[in-house]
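This report concerns only the one structure given below.
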Amino acid sequence: MDAPRILLTNDDGIDSVGFRALYEGLSAVGDVVAVAPADDQSAVGRTVSEVVEFADHEYGYAIHGTPVDCVIAGLGSICPDVDLVVSGCNKGGNLGAYVLGRSGTVSAAVEAAFFGVPAISVSMYIEGGDDWQSLATEPSDFATARDATTYLVEQATTEGVFAAADYLNVNVPFRDNAGVTGSIPMRVTRPSMRYEMGAEQNGSREIELRDGIWDVMRGDSVDDPVGTDRRAVADGEISVSPLTAPHSTQHHDALDEIVADYTSNTETNADAE
């Protein structure tokens, strides 16, 4: 098989260190075209713009828009012939079912799936307190994420993985002394269903929305079951969740009955008028 052509995007911005690490790593195994946000677009979900400006960049193209804008602009215009979309590497984990919809990193992979292009979203979970932003400041700090992503790009695209999954959501635990990928186990996971959002009123006109999962993710306090993405990274493993993008539907008797009753009542009322 020829080397794959890869559209690389992210949500931390095209000049972020995690992006640079993936660009350099993936360039060794494929033809990489960067189509990424010009600045930080974290947590924008699947927000889309009507018009975006773009500029040439040493890696490809810097888009003044969201990660989803980048995927649409890339697959729809700039490089429609790519074999794969990779989004990352995000600084900070994207873990749990309720996080996936708000993550710009994951949303880029979801958008690619609607184009019929397989995708991999990659994030690096950093355990830490208020100082987590001061960690992982060099491309070398993303070596494990880079190597894991490169491995998955080489293997998953040739072994039929994307015949069953639309995209892979990958989370890699950060380790200061992490070496090659083999030093950290890899596990197939599912998104944790644990929900930790809450709200508290401050004063008369302000409500603070807070995600409590990050307090739980510190130390040995994670109690998500084995097989979930959060459990894997807490155990020092690389989490790989195979996911599908289209929203699923399932007919069931309760909904069928109330829909039928609505139609019947509407027809009866119409006949009575």
Side-chain angles (χ1 to χ4, degrees), residues 11 41-50 66-69 71-72 75-76 85 87 93-121 123 156 160-171 187-201 205-217 222-234 239-273:
D11 74 352
Q41 294 287 321
S42 296
V44 298
R46 292 187 64 219
T47 301
V48 65
S49 307
E50 291 187 4
T66 69
V68 166
D69 292 337
V71 172
I72 296 172
L75 298 182
V85 170
S87 179
N94 280 303
L95 301 155
Y98 75 99
V99 173
L100 301 185
R102 70 175 66 132
S103 163
T105 303
V106 177
S107 293
V110 171
E111 200 68 28
F114 281 107
F115 272 88
V117 177
I120 301 174
S121 56
S123 304
V161 169
F162 291 109
D166 292 325
Y167 69 101
L168 306 178
N169 184 40
V170 180
N171 281 273
R187 180 184 291 271
V188 177
T189 61
R190 65 186 183 277
S192 172
M193 297 305 295
R194 181 170 181 168
Y195 186 69
E196 290 290 341
M197 293 300 300
E200 182 176 348
Q201 185 169 347
R205 294 296 177 184
E206 184 176 272
I207 297 176
E208 180 184 3
L209 310 182
R210 187 171 183 274
D211 187 350
I213 196 62
W214 300 111
D215 292 333
V216 179
M217 288 294 293
V222 177
D223 59 2
D224 295 67
V226 172
T228 61
D229 51 6
R230 277 204 289 264
R231 176 78 262 168
V233 297
S239 166
V240 182
S241 294
L243 300 170
T244 57
H247 305 297
S248 61
T249 60
Q250 183 176 353
H251 283 264
H252 54 89
D253 292 343
L255 181 59
D256 287 344
E257 288 176 8
I258 65 172
V259 169
D261 287 345
Y262 177 87
T263 302
S264 177
N265 291 337
T266 300
E267 292 173 347
T268 299
N269 293 337
D271 290 341
E273 292 179 356

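No hydrogens, no waters, no symmetry mates; every other heavy atom, side chains included, goes into these values.
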- Worked check of side chain to side chain contact (heavy atoms under 4.5 Å, CB included) between Glu200 and Ile207: CA-CA 5 Å; Glu200 182 176 348; Ile207 297 176; over 6 Å; no
- Carefully, step by step, assess Val117 and Phe162 under the rule side chain to side chain contact (heavy atoms under 4.5 Å, CB included). CA-CA 9 Å; Val117 177; Phe162 291 109; over 6 Å; no
- Take Thr47 and Thr66, measure what side chain to side chain donor-acceptor pair (under 3.5 Å) needs, and give me the verdict at the end. CA-CA 7 Å; Thr47 301; Thr66 69; over 6 Å; no
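Pairing each heavy atom of Ser103 with each of Ser107, the nearest pair is O-OG, 2.7 Å. For the pair Ala164 and Thr244, the tightest heavy-atom approach, listed with the atom from each and the gap, is O-CG2, 4.1 Å. Closest of all the heavy-atom pairs between Asp166 and Ala245 is OD2-N, 2.9 Å. When all heavy atoms are compared, the tightest approach of Pro242 to Leu168 is CA-CD2, 3.8 Å. Counting all heavy atoms, side chain and backbone alike, Ala108 lies closest to Pro67 at CB-CB, 4.0 Å. Across all their heavy atoms, Glu196 and Ile213 have their closest contact at CB-N, 3.5 Å.
The only option from Asp229, Thr189, Thr228, Asn94 that meets the side-chain hydrogen bond (donor to acceptor under 3.5 Å, both in side chains) definition with Ser239 turns out to be Thr189. Of the candidates Asn171, Thr105, Asn169, Ser121 forms a side-chain hydrogen bond (donor to acceptor under 3.5 Å, both in side chains) with just one, namely Asn169.
Tyr195 is not listed as a side-chain neighbour of Asp211, based on a closest heavy-atom distance of 4.5 Å or more. Put simply, the side chain of Val44 does not reach to within 4.5 Å of the side chain of Arg102, judged on heavy atoms. When side chains are defined from C-beta on, Pro191 counts as touching Leu243, because their heavy atoms get closer than 4.5 Å. With contacts defined as side-chain heavy-atom distances shorter than 4.5 Å, the pair Val85/Phe115 does not qualify.
Here Asp223 pairs with Arg194 under the salt bridge (Lys or Arg N to Asp or Glu O under 4.0 Å) rule; sequence neighbours left out. Applying the salt bridge (Lys or Arg N to Asp or Glu O under 4.0 Å) test to Arg46 and every residue at least two apart in sequence or in another chain returns Glu111.
Atom CE of Met197 has more than 12 neighbouring heavy atoms from other residues, nucleotides or ligands inside a 6.0 Å radius. The 12-atom threshold is not exceeded at CZ of Arg187, counting heavy atoms of other residues, nucleotides or ligands nearer than 6.0 Å. His252 NE2: more than 12 foreign heavy atoms inside a 6.0 Å radius.
A side-chain N or O of Asp69 and one of Ser49 form a donor-acceptor pair less than 3.5 Å apart. Side chain to side chain, Ser264 and Asp261 fail the donor-acceptor criterion of an N or O pair below 3.5 Å.
With respect to the salt-bridge test (charged N to carboxylate O, under 4.0 angstrom), the residues Arg230 and Asp224 qualify.
Residue Tyr167 holds its OH atom at 5.5 Å from CG of Leu100, rounded to the nearest 0.5 Å.
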